Visitor: 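Let me begin by handing over the structure; questions about it come next.
We count residues from 1, following the sequence as given. Since this is a predicted model, take the numbers as computed values, not measurements.
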Amino acid sequence: MSRPELQAPPEFYYGDTEAKKYTQNTRNQQIQADMTYRALELLNLPPEEPAYLLDIGCGSGLSGEILDDEGYIWAGVDIAPSMLEVALEREVEGDLFLQDIGQGFGFRPGSFDGAISISVLQWLLNAETSHPTSSPPHRLTRFFTTLHSALRNPSRAVFQFYPSSDDQIQLITSIAQKAGFGGGIVVDYPNSKKARKVFLCLYVGGGGAVQQQLPKGLEGEEEEDSKARFERRRDRERTKTKGGKRKSIKDKDWILKKKELYRKRGKEGVPRDSKYTARKRKPVF
């Protein structure tokens with residue numbers, strides 16, 4: 001029997017074993033790290049301030065780990081149960097949601113300070129069924145409309161994706177603009193077939209003139225820049241245990257900021273601050 005036409009990312013069809021292999025692949029880790037660091041640059045968040053970010057298509061949490069390392073609180077959505085299972089096994093810090101983004105989001109208005117997405121947006125161009133409401137324009141409209149509502153004003157959303165034609169770029173950007181976003185396309189290394197990367201950088205609010213000031217795409221030697229970023233990633237990997245579980249590297253100030261942001265977002269059950277906050281418990285023998 002032949003495999004049905006792909007309507008979702010390949011990770012959707014992964015079993016647990018394949019999802020773990022994908023996550024442990026060094027090349028996949030490097031690509032995810034490079035794109036996540038670049039997305040954060042384009043997101044241009046205020047330094048040293050806590051922020052609550054949405055990772056769209058979070059998979060097994062590779063990009064989420066970088067968000068965590070950079071001091072951000074995050075929630076992730078993904079369509080693949082097997083990838084989310086791996087994320088849970090790896091004890092990632094973010095809140096995880098099983099979600100077909102083509103059906104839109106159900107988050108409260110203004111929930112997030114920004115959003116990133118790595119290698120996911122192009123899958124919204126696949127029709128789920130032959131029904132008109134499953135067409136790419138309808139899926140994109142639900143996606144961008146509900147995302148715009150979920151982001152605070154002002155904020156940004158950055159998507160790294162792989163368009164197959166200029167028509168796809170035009171369709172995506174036009175629907176995003178109809179949903180209320182400003183911004184546009186940023187292309188890194190446009191003259192390189194191998195290194196070329198396309199980002200959709202969107203703005204919520206901030207004034208019309210500001211919205212049109214898109215960042216410039218990167219040029220020059222992508223290979224050296226990529227290597228330097230991955231070395232930063234590998235340095236952080238050394239803080240992990242042999243079992244793959246991350247050691248706590250958060251100090252008291254970080255934890256207090258995180259709890260305060262949770263309270264502002266209306267999250268229930270946030271522990272009260274005390275002299276015991278962030279204190280390590282002694283092992284019980």
Side-chain angles (χ1 to χ4, degrees), residues 32-59 61-78 92-97 99 101 104-121 124 140 143-161 172-173 175-177 179-186 188 197-208 210-217 229 254 257-267:
Q32 198 78 10
D34 291 343
M35 295 302 97
T36 304
Y37 282 126
R38 178 57 175 151
L40 286 174
E41 289 177 0
L42 295 172
L43 208 57
N44 195 31
L45 293 162
E48 306 301 327
E49 289 187 15
Y52 188 31
L53 304 182
L54 179 62
D55 184 0
I56 302 169
C58 64
L62 292 178
S63 54
E65 281 190 337
I66 293 175
L67 297 181
D68 188 49
D69 287 340
E70 295 297 313
Y72 299 114
I73 305 164
W74 61 279
V77 298
D78 201 276
V92 299
E93 295 278 353
D95 296 321
L96 303 176
F97 299 89
Q99 173 80 53
I101 60 174
F105 300 106
F107 297 112
R108 293 186 304 176
S111 293
F112 298 98
D113 300 304
I116 67 165
S117 180
I118 308 300
S119 307
V120 171
L121 190 59
L124 286 174
L140 287 165
F143 171 74
F144 283 122
T145 301
T146 55
L147 176 62
H148 187 277
S149 174
L151 293 171
R152 69 170 178 82
N153 184 353
S155 62
R156 292 188 184 187
V158 176
F159 308 83
Q160 181 272 322
F161 71 112
I172 289 172
T173 54
I175 292 178
Q177 289 168 358
F181 285 104
I185 295 294
V186 176
D188 286 350
K197 294 293 185 297
V198 178
F199 293 84
L200 178 62
C201 189
L202 298 179
Y203 302 82
V204 177
V210 175
Q211 291 180 5
Q212 302 307 317
Q213 295 176 359
L214 284 173
K216 294 182 179 180
R229 293 184 182 187
W254 189 93
K257 288 180 179 179
K258 181 175 181 178
K259 289 164 68 176
E260 181 62 24
L261 185 56
Y262 275 149
R263 294 187 187 103
K264 289 181 179 179
R265 296 299 177 191
K267 187 170 183 177

Visitor: Minimum heavy-atom separation for R38 and F199, please, with both atom names.
Guide: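 So the two residues come closest at CG-CZ, 3.4 Å.
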
Visitor: Any side-chain heavy atom of L214 within less than 4.5 Å of one from I185?
Guide: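 No, every pair of side-chain atoms sits at 4.5 Å or beyond.
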
Visitor: Can you list the residues that meet the side-chain contact (heavy atoms from CB on, under 4.5 Å) rule with P215, with sequence neighbours excluded?
Guide: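 side-chain contact (heavy atoms from CB on, under 4.5 Å) check on P215 returns L42, R156, V186, C201, Y203.
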
Visitor: Within the distance-only criterion (no hydrogens, no angle test), does the side chain of D55 pair as donor or acceptor with the backbone N or O of G76 below 3.5 angstrom?
Guide: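 Not at all, since once roles are kept as given, no pair shorter than 3.5 Å links the two residues.
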
Visitor: List in chain and number order the residues that pass side-chain contact (heavy atoms from CB on, under 4.5 Å) with A115, two or more places apart in sequence or in another chain; answer none if no residue qualifies.
Guide: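 Once residues adjacent in sequence are excluded, the partners of A115 under the side-chain contact (heavy atoms from CB on, under 4.5 Å) criterion are L54, I56, L147, L151, A157.
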
Visitor: Quick check: closest heavy atoms across Q99 and G104, and the distance to 0.1 Å?
Guide: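 Shortest heavy-atom contact: NE2-O, 2.8 Å.
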
Visitor: What are the two closest heavy atoms between E70 and Y37, and how far apart are they?
Guide: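 Of all heavy-atom pairs spanning E70 and Y37, the closest is OE2-CE2, 3.6 Å.
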
Visitor: Would you call the rings of F105 and F143 parallel, tilted or perpendicular, taking 30° and 60° as the class edges?
Guide: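 F105 and F143: tilted rings.
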
Visitor: Closest approach of F107 and A150, non-hydrogen atoms and distance?
Guide: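 Scanning both residues, the minimum pair turns out to be CB-CB, 4.0 Å.
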
Visitor: Measure across I118 and A39 and return the closest heavy-atom pair with its distance rounded to 0.1 Å.
Guide: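 Closest heavy-atom pair between I118 and A39: CD1-CB, 4.2 Å.
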
Visitor: Answer yes or no: is there a side-chain heavy-atom contact under 4.5 Å between F144 and I172?
Guide: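 Result yes, sub-4.5 Å side-chain heavy-atom pair found.
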
Visitor: Is there a side chain to side chain contact (heavy atoms under 4.5 Å, CB included) between D68 and V92 once you walk through the steps?
Guide: CA-CA 9 Å; D68 188 49; V92 299; over 6 Å; no

Visitor: Using side chain to side chain contact (heavy atoms under 4.5 Å, CB included), reason through Y52 and D95 one step at a time and then give a plain yes or no.
Guide: CA-CA 11 Å; Y52 188 31; D95 296 321; 4.0 Å; yes

Visitor: What's the separation between atom CD in Q160 and atom NZ in K197, rounded to the nearest 0.5 Å?
Guide: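 Going from the CD atom of Q160 to the NZ atom of K197 covers 7.0 Å.
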
Visitor: Do you know the tightest heavy-atom contact between L96 and C58?
Guide: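 L96 and C58 have their closest heavy atoms at CD2-SG, 4.1 Å.
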
Visitor: Distance from L67 atom CG to L62 atom CG, nearest 0.5 Å?
Guide: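 Going from the CG atom of L67 to the CG atom of L62 covers 11.0 Å.
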
Visitor: Would you say the side chain of V204 lies within less than 4.5 Å of the side chain of F181, judging by non-hydrogen atoms?
Guide: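 Result yes, sub-4.5 Å side-chain heavy-atom pair found.
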
Visitor: So, taking the atom named OG in S155 and the one named NE2 in H148, what distance separates them when rounded to the nearest 0.5 Å?
Guide: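 Interatomic distance, S155 OG to H148 NE2, rounded to 0.5 Å: 8.0 Å.
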
Visitor: If we only count heavy atoms from C-beta on, is the L53 to F112 side-chain gap below 4.5 Å?
Guide: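 Sidechains of F112 and L53: no contact.
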
